[in-house]
Amino acid sequence: MKEKKLLGYQEVHLILQRLACQLIEDHQQFENAVMIGLQPRGIFLADRLLRILKDDHHLENIKYGKLDITFYRDDFRRSKILQANQTDINFVVEDKNVILIDDVLYTGRSIRAALTGIQSFGRPQQVELLTLIDRRFSRHLPIQPDYNGKQVDVINQQRVEVKWKEKHGEDAVYISQP
Amino acid sequence: MSELSVKHLLGIKYITTEDLHLIFETADHFKEVINRPIKKVPSLRDVTIANIFFENSTRTKLSFELAEKRLSADVVNFSAGSSSVKKGETLVDTVNNILSMKVDMIVMRHPDPGACVHLSHHVDASIINAGDGTHEHPTQALLDTYSLRKELGNVKGMNILIVGDIKHSRVALSNIFALQQLGANVGVCGPLTLIPKPIVELDVKVFSDLDKALAWCDVANMLRIQRERMDKSYFPSTREYVKHFGLDQQRLERLDKKITIMHPGPINRGVEISSEVADGDQNIILDQVENGVAVRMAVLYLLASKIEHYENNG
């Protein structure tokens, strides 16, 4: 399998800092905003952003939840994905500005499922999307990110893999081809 | 990827320990779902389920129907009292008629042991046994063991006692299979006329003295006397049954430990369990009911994933 490094430690960290600053620009003290990480991989990105917002910008009390979209997928009985991850949202999102967080935006179907899923916790005022990588020209649905780390053009056979120090031992983004 | 090893849920004896764990793990997620402000997920939106009840049921039927609706399935209900069964139609014909209306799954309760197994040999739909005579009631055993795991953490090595009418109880048999698969020790207690002799072959401890049995156990599952299944008298009087096998506060207080009390419902207060115990803090009866919906959602979800999609079957 061929593998090419798209982003290294330095670039990933610069992007995370920028995304955190953009969130502050739009949501100031996060009084009415909540962050929702999408299971399983969006959680790493959301955790990192939360840490930057807390450590570097003293934003301590941001509401944060984890949403699993397995039961909202549109490919039940068509794909083999059955087992869910934990959903942990102990607040309602009624009238809140929800920021959905995922690592890679590809077809947009996961985000579609997340938009349905989040409604189980109330009717948000607004929903935004934050992604680290946006795979351009590969969308199946009209979904675009509001905050984006980097846009990439890769063909369907290629995979974009985001690695995190806490799980994979390094912060980096790779493009691989089987 | 994990999936169930079976296409139908006909009884606990047909499924593996891995299946049990997969159902419990999935039920954990559904338990979280049914505690959300909006308790519904769209997973089964293109699945139609028929609940076919040839025997009375309140909570099982309600629990299944709620589980199906929370998964967004289309649901049709059928009960024998108002059906063609009374006009002489056979089980397979009745079900095939329902299936020709494009039903994907059948939840069936039937008074005859083995009815679900028989049906599974003759129809394509996925079948879930909601109680077949005195044979099995798998989803009750799943929710009982699930509730116990939630309460105690693990049932391995625990002594679980089932008290009452073992002979006519499908709950007892399914529970024995499920608990033993998970490594628990199972004992039964009741009038010897209501304990079938072959039960010793299942490696079950048999008690005829409730106080001794309670001293042995960590959990007591109190069953109802199933008068509707009794063709003759198995004990002299209800009063005598209560005296020997009824669980009351005095009996619990005589124990030097706190045991967990379960009951599959419906409760006959003052017979197998006193009101004080049924409302006391040692019982998990209402947890069992809540968990019933989550466990049934898990079973429906996991079995529905095995139904072939229309793209593949035309």
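Per chain, numbering begins at 1; letters A, B, ... match sequence-line order. Hydrogens, waters and symmetry mates play no part in the numbers below; they use all other heavy atoms, side chains included.
Other residues, nucleotides and ligands contribute more than 12 heavy atoms inside 6.0 Å of the CZ atom of Phe91(A). Other residues, nucleotides and ligands place more than 12 heavy atoms under 6.0 Å from the NZ atom of Lys13(B). Open room surrounds NZ on Lys4(A); 12 or fewer heavy atoms of other groups in view lie less than 6.0 Å from it. Residue-environment remark: CD (Glu60(A)) exceeds the threshold of 12 foreign heavy atoms within 6.0 Å. More than 12 heavy atoms of other residues, nucleotides or ligands sit less than 6.0 Å from atom CZ of Arg45(B). In this structure, Arg51(A) places its CZ atom where only 12 or fewer heavy-atom neighbours from other residues, nucleotides or ligands lie under 6.0 Å away. Heavy atoms from other residues, nucleotides or ligands lying under 6.0 Å from NZ of Lys167(A) number 12 at most. More than 12 heavy atoms of other shown residues, nucleotides or ligands fall within 6.0 angstrom of atom NZ in Lys39(B).
With a 4.5 Å cut-off on non-hydrogen atoms, Gln119(A) touches chain B through its backbone but not through its side chain. Only the backbone of Lys40(B) comes within contact range of chain A, with heavy atoms under 4.5 Å apart. Asn85(A) touches chain B through its backbone: at least one of N, CA, C or O sits under 4.5 Å from a heavy atom, while the side chain does not.
The distance from the CZ atom of Phe71(A) to the CG atom of Leu71(B) is 8.0 Å, given to the nearest 0.5 Å. Rounding to the nearest 0.5 angstrom, the gap separating the CG atom in Asp74(A) from the CG atom in Asp46(B) is 11.0 Å.
The minimum heavy-atom distance linking Ser120(A) with Pro37(B) is given by the pair O-CD, 3.4 Å. Across every non-hydrogen atom of Ile307(B) and Arg77(A), the tightest pair is O-NE, 3.4 Å. For the residue pair Ser2(B) and Leu82(A), the shortest heavy atom distance occurs at O-CD1, 3.8 Å.
Residues of residues 27-36 of chain B lying under 4.5 angstrom from chain A, judged on non-hydrogen atoms, are His29(B), Phe30(B), Glu32(B), Val33(B), Arg36(B) by number. Close approach to chain A, defined as a heavy atom under 4.5 Å from one of its heavy atoms, is seen in no residue of residues 138-145 of chain B.
Here the side chains of Thr70(A) and Tyr301(B) are in contact, with some heavy-atom distance below 4.5 Å.
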